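Working notes, beginning with the structure itself.
Start at 1 and go down the list; that is how both ligands and their atoms are numbered. Being a predicted model, the structure only gives us computed values, none of them experimental. Each residue takes its place number in the sequence, starting with 1. What you see below is based on every heavy atom in this structure, not just the backbone, and it leaves out hydrogens, waters and symmetry mates.
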Amino acid sequence: MSKMPAAVAAYMQHNVKEQMSPLCLTFNANMQLARFSGELAAYNFPQLKLGMEAAKIAPMVEGLDYKDLPLSFPVVEVFDGAIAHVHLIAKKTGGIYVLLLDAKKEHKSRQIFQQKANEVQLLNEQLTKVLKQLNKTQLELKQKKHEAEQASALKSQFIANMSHEFRTPLTSIIGYTEMWQKRLLKPDQVQQAVDSVASGARFLLSLIENVLDQARFEAGEIDIETSPVNIAALLAEMAAMFAPIAKQKGLEFELETEFAADTWFELDEMRIKQLIINLCNNAIKYTDEGKVSLYAASSDLSLTIRVSDTGIGIEKSRQETIFSPFQRIDVNRNIEGAGLGLAISKQILDLMGGGLTLTSKPNQGSVFEVCLPVESITEQQVDNKIQQATGETVLVAEDNPDVIEMIELFLINAGFSVILATSGEEAVQMVLKYRPQLVLMDINMPILGGLAATVRLREQGYDKPILALSAASSAHDKQRAREAGCDSFLLKPIAMSELVRAVNYHLSL
Ligand code: ADP
């Protein structure tokens, strides 16, 4: 390369000097400092003396092969934090020049660059995380949307079903009662008409109960209330209920159990019946020919109830879903149902600490097996708990004439003396006058309601059992009745046996 013009070379030299503070250390062939010139102050060296060993002030020159020169080391720490580009140049007469050019600024900007690079990497990692999370949330939302759409479709299906379910029994109830009112029924048709009205009403009640129960479960308002239950009698009652229904469809119904007549368990009778009713109803509904069996047995501390049928069966892929609310298979088969029976049964069993399992094969039949922990009790213990309390006086406060008449009939049939009151006011007066052994108190009465009447009676010192009677069944209603001073809460409509058992139970406490 040809030489630079002198002015340019001088300019460059001046610039390098200004910006890079050059310092040249000259070492002789013995690697001792022979000379130094330039900006010494920029490099934090201790006092330099001629003759100093190169190893002490410029260790990078040690062990160098002269053939490799010139050499440069960019951005190194030369001494006590001083940063420089170091160039090693051979000296013609032996020895070496060490040229230092200040690299503090460059080092600083490299550091800043590195720091920024680290920050960018960190931000990138965070961005990846956020994107992943976003992806996950999107998938979850999609899934939730799908579930909500499914639930909505199921509920629409449910409403359509319910409308049909309600109308069918109501048609026969209204039809037969109208015929009765217009005296259109022939004497030999009356029994069948009454049976049909009664079974329609029972069906409606179970439907309403199922729908309400599902709502109660969703609100966490279901309690299990146990009392001594004669299991053999309960099973016989169930068989008596289902044998004729099965027969009507041309099916055999079999009860298989070895329980002795005096076997008692602590159970929630209403819920156990609800379970068996749900399972037997299904078994009959989904079986066109063959047999439905109800089997029950116990071992140690567990009770097994099994309902088997020879019906249409359930394919494997649906054997789990049918336990969820509103899930029905093949709704077009035109079989009545709301899709709640199994869901409710499963939830009841969960509350009782039991389980419900299913074994089934399409076109061969199904077996639903209930297993739940139970405590057996002896008849003597039962007698101690519930003594037949016939002859005692019960006051019934109820404003509906049909209901009061029916309850009076139940109680008189069971051997009680009955006093009637048709308002809360009257109930308070009669209780204080006649002091009955127990009061059945309707909650909803005009002027003075049942709860206010109960509060008044407790204030007047009446300390015998008061059982609330109501069609409202939420946990809140029960709580209010308890707070007013009621000992128990009976839900309308109530079966005769249940009412009499509750009265006996509280009289014997
Ligand atoms: P529902 O019978 O009112 O539809 P369930 O919750 O009792 O509601 O049952 C849910 C579904 O499970 C039914 O719609 C039916 O498809 C199926 N299922 C229940 N029990 C049986 C059975 N014994 N045999 C065949 N399928 C059954």
Side-chain angles (χ1 to χ4, degrees), residues 150-151 153-169 199-200 202-218 222 238 241-242 245-246 249-256 271-295 305-351 355-370:
Q150 255 192 339
L154 280 173
K155 287 218 167 163
S156 307
Q157 177 74 49
F158 166 72
I159 290 167
N161 265 354
M162 288 316 278
S163 156
H164 171 259
E165 298 289 292
F166 278 120
R167 277 168 203 282
T168 315
S199 93
R202 268 200 304 274
F203 176 70
L204 275 181
L205 179 62
S206 78
L207 208 60
I208 293 167
E209 271 304 324
N210 272 350
V211 174
L212 290 180
D213 268 353
Q214 183 55 35
R216 288 183 198 126
F217 273 117
E218 281 171 16
I222 296 262
M238 293 290 102
M241 180 170 169
F242 282 106
I245 304 175
K249 237 188 131 178
L251 302 173
E252 198 185 321
F253 186 91
E254 183 184 56
L255 170 63
E256 239 186 291
R271 296 292 170 195
I272 292 291
K273 279 186 182 166
Q274 191 181 10
L275 266 177
I276 298 178
I277 290 173
N278 281 342
L279 297 180
C280 287
N281 256 337
N282 279 350
I284 294 173
K285 251 190 332 188
Y286 299 107
T287 301
D288 294 327
E289 55 186 73
K291 186 162 110 179
V292 169
S293 321
L294 169 61
Y295 163 90
I305 299 171
R306 200 180 300 140
V307 176
S308 339
D309 63 59
T310 53
I312 59 172
I314 300 158
E315 58 182 81
K316 193 100 196 134
S317 65
R318 302 303 302 269
Q319 288 183 10
E320 254 184 51
T321 52
I322 53 167
F323 291 100
S324 299
F326 313 123
Q327 292 282 356
R328 310 193 66 219
I329 306 173
D330 204 0
V331 274
N332 297 332
R333 268 180 60 102
N334 218 6
I335 297 178
E336 294 166 338
L340 286 174
L342 289 180
I344 289 170
S345 304
K346 183 119 189 148
Q347 293 173 94
I348 292 174
L349 280 161
D350 280 348
L351 280 181
L356 177 57
T357 53
L358 164 64
T359 323
S360 182
K361 270 199 179 150
N363 303 321
Q364 290 188 24
S366 311
V367 181
F368 286 87
E369 186 170 294
V370 169

For [X], take its heavy atoms, then give the atoms of ligand 1 lying under 4.0 Å from any of them.
| X | result |
| --- | --- |
| Ile314 | 18 (N), 21 (C), 25 (C), 26 (N), 27 (C) |
| Leu340 | 6 (O), 8 (O) |
| Gly339 | 1 (P), 3 (O), 4 (O), 6 (O), 8 (O) |
| Lys285 | 1 (P), 2 (O), 3 (O) |

Tell me whether the count of non-hydrogen atoms from other residues, nucleotides or ligands lying under 6.0 Å of NZ in Lys361 goes above 12.
no
Heavy-atom donor-acceptor pair, Thr310 side chain to Lys291 backbone, under 3.5 Å:
yes
Checking the side chain of Glu256 only, and the main-chain atoms of Ser293 only, is there a donor and an acceptor separated by less than 3.5 Å?
no
Do Gln347 and Asp213 pair up side chain to side chain, a donor and an acceptor below 3.5 Å, judged on atom types alone?
no
What protein heavy atom sits nearest [atom], and how far off is it?
| atom | answer |
| --- | --- |
| atom 14 (O) of ligand 1 | Tyr286 OH, 3.1 Å |
| atom 23 (N) of ligand 1 | Asp309 OD2, 2.9 Å |
| atom 4 (O) of ligand 1 | Arg328 NE, 2.4 Å |

Parallel, tilted or perpendicular for Phe253 and Phe242, by the 30°/60° rule?
parallel
N/O of [X] under 3.5 Å from N/O of ligand 1, yes or no?
| X | answer |
| --- | --- |
| Ile329 | yes |
| Gln327 | no |
| Leu342 | yes |
| Phe368 | no |

Given Thr310, Ile322, Asn282, which one has a non-hydrogen atom that is nearest to atom 12 (O) of ligand 1?
Ile322
Check this for me: does any side-chain nitrogen of one of Lys285 and Asp309 sit under 4.0 Å from a carboxylate oxygen of the other?
no
Would you call Arg216 and Glu209 a salt bridge, using N to O less than 4.0 angstrom?
yes
Could you go through the side-chain contact (heavy atoms from CB on, under 4.5 Å) check for Glu320 and Leu358 one step at a time?
CA-CA 9 Å; Glu320 254 184 51; Leu358 164 64; over 6 Å; no
Using side-chain heavy atoms (C-beta onward) and a distance below 4.5 Å, is Ile314 in contact with Tyr286?
no
For ligand 1, is there an atom lying under 4.0 Å from some heavy atom of Gly311?
no
